[in-house]
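For clarity, every value in this text was computed on a predicted model and none was experimentally measured. Atoms within a ligand are numbered from 1 in the order they appear, just like the ligands themselves.
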Amino acid sequence: MTIVTRFAPSPTGRLHVGNIRTALHNWMFARAHGGRFMLRIDDTDQERSEERFVEALHQDLAWLDLEADGEARQSARFDLYQARFDALVAAGRIYPAYETSQELDLKRKIQLGRGLPPIYDRAALALSDADRSRLEAEGIKPHWRFRLDHGAPIEWGDMIRGHQRFDPATMSDPIVRRADGSWLYMLPSAIDDVDMGITHVVRGEDHVANTALQIQMFAALGSTPPTFAHAALLTGAEGKLSKRLGSLGVDQLREAGVEPQAIRALLARLGTSDPVEPAVDMQPLLAAFDFARFGRAPARFDEAELMQLNARIVHQLPFEAVRDRLPRAMTPVAWEAVRPNLSTVTEAADWWGVVEGPVTAPAPALSADDGAYLAVAAEEAAAIDWDGDPWHVLTQRLKECTGRKGKALFLPLRRALTGRDHGPDMAALLPLIGRDRALARLRGGSGG
Ligand code: GLU
């Protein structure tokens, strides 16, 4: 059997951490098993769906390198939904109901007041043809409910949650279509899963109750349900996924300097029993991907963890992977010199600014003693051979002629040469700064 998964976002906003994770799980499961990963745009809600978000979805998935093997749009499939709907109406599995939402509210309140669960009472099923004709003559258009089969419990083996069991008698017959003819999510999704040959539905555990209902829809459509995996939801560092974290869109993550590899590496492992690792390549993550390793407890998404992982990813990125995002004059050697000090790729430009100058030494100013030391350093620097390893040659000579060592030897030089107390390895940086700028900086000029 070829595994076919799907990611089914609604184009009502940018992808955020939660749904990137769902996309990633589906993509990984398909890739790990040589299967197919489909994108389904859930745009039946024509008021809330926007074309710009469909475009953004494509961009976001491309940036994350989670491209789909095929794509479907629900808005292009209304004829199919209508045909399946007509057949289910004819088979008595979908029925018209005429209650207004106020009437339904009232029914629920009465049930709750009597200590009963607020389940739809199926009053609409008791209507005669004459009742329906009368209601429709009054101009009342029906909405449509899927009639659950109360005959047997709904059961499935969830790849993450294990054995699941629901009693259909405790659930309301779900509304599948509104009075204006528009579709709710539930039925078109099941129709598409059948039609697209989806073998595995991987999504968040907020869909578990929907799955119970959809399992009966698959049966009513004459199909075996796919296999399901419902992942525990993410929570934010504060306890639950805060608005801010929950709404961090791909565009914002990208602007914050987060690499797609960091997002993938974190979200592939979050909530599993495997450690988060700074994997630039998906291969090791794919090799270990297994729903059996997913936990039932909510997983904690922590921005700080993402940024730490990001730094460890950046430290591995080759020049070719980042050259478009670096100052134009920056060379592979320069990238490798500054890379270990970066948290994000954009910070490379700051260090390139330090190389090109001008630089200003940080406060507090140097002591007279250090000033004299730098004057000696400038003389020595003028005398050495700059083609080899100028930093080690220079510091060795200064050690011998001044007797300085450790911080007293190195820090005044670093400050004068870079304007900072910390930074990349000076042995790598000094050849980039070069002789002329270095001499000017040691002599107290700006060295730009
Ligand atoms: N559009 C639905 C959602 O975003 C899809 C759910 C599903 O995976 O079936 O929640």
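- Residue, atom and distance of the protein heavy atom nearest to atom 10 (O) of ligand 1 are H207 NE2, 3.0 Å.
- For the side chain to side chain donor-acceptor pair (under 3.5 Å) with R6, the qualifying choice from N26, D193, T199 is D193, the only one to do so.
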* Asked: Between F29 and H25, does a ring pair (Phe, Tyr, Trp, His ring centres under 6.0 Å) hold up when you go through it step by step?
  -> CA-CA 6 Å; F29 187 65; H25 290 161; over 10 Å; no
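- R203 pairs in a side chain to side chain donor-acceptor pair (under 3.5 Å) with only one of the listed residues (T211, N210, T22, N19), which is T211.
- Atoms of ligand 1 found under 4.0 Å from any heavy atom of D42 (numbered from 1 in listed order, with element): 1 (N), 2 (C), 5 (C).
- Near S189, meaning under 4.0 Å from one of its heavy atoms, ligand 1 places the atoms 9 (O).
- F7 places none of its side-chain heavy atoms less than 4.5 Å from the side chain of W27.
- Some N or O of A8 is nearer than 3.5 Å to an N or O of ligand 1, by distance alone.
- Proximity to S10 (heavy-atom distance under 4.0 Å) selects the following atoms of ligand 1: 1 (N).
- Judged by the 6.0 Å distance and 45° axis criteria, R145 is positioned over the aromatic ring of Y120.
- Each of the atoms 7 (C), 8 (O), 9 (O) of ligand 1 lies under 4.0 Å from some heavy atom of R6.
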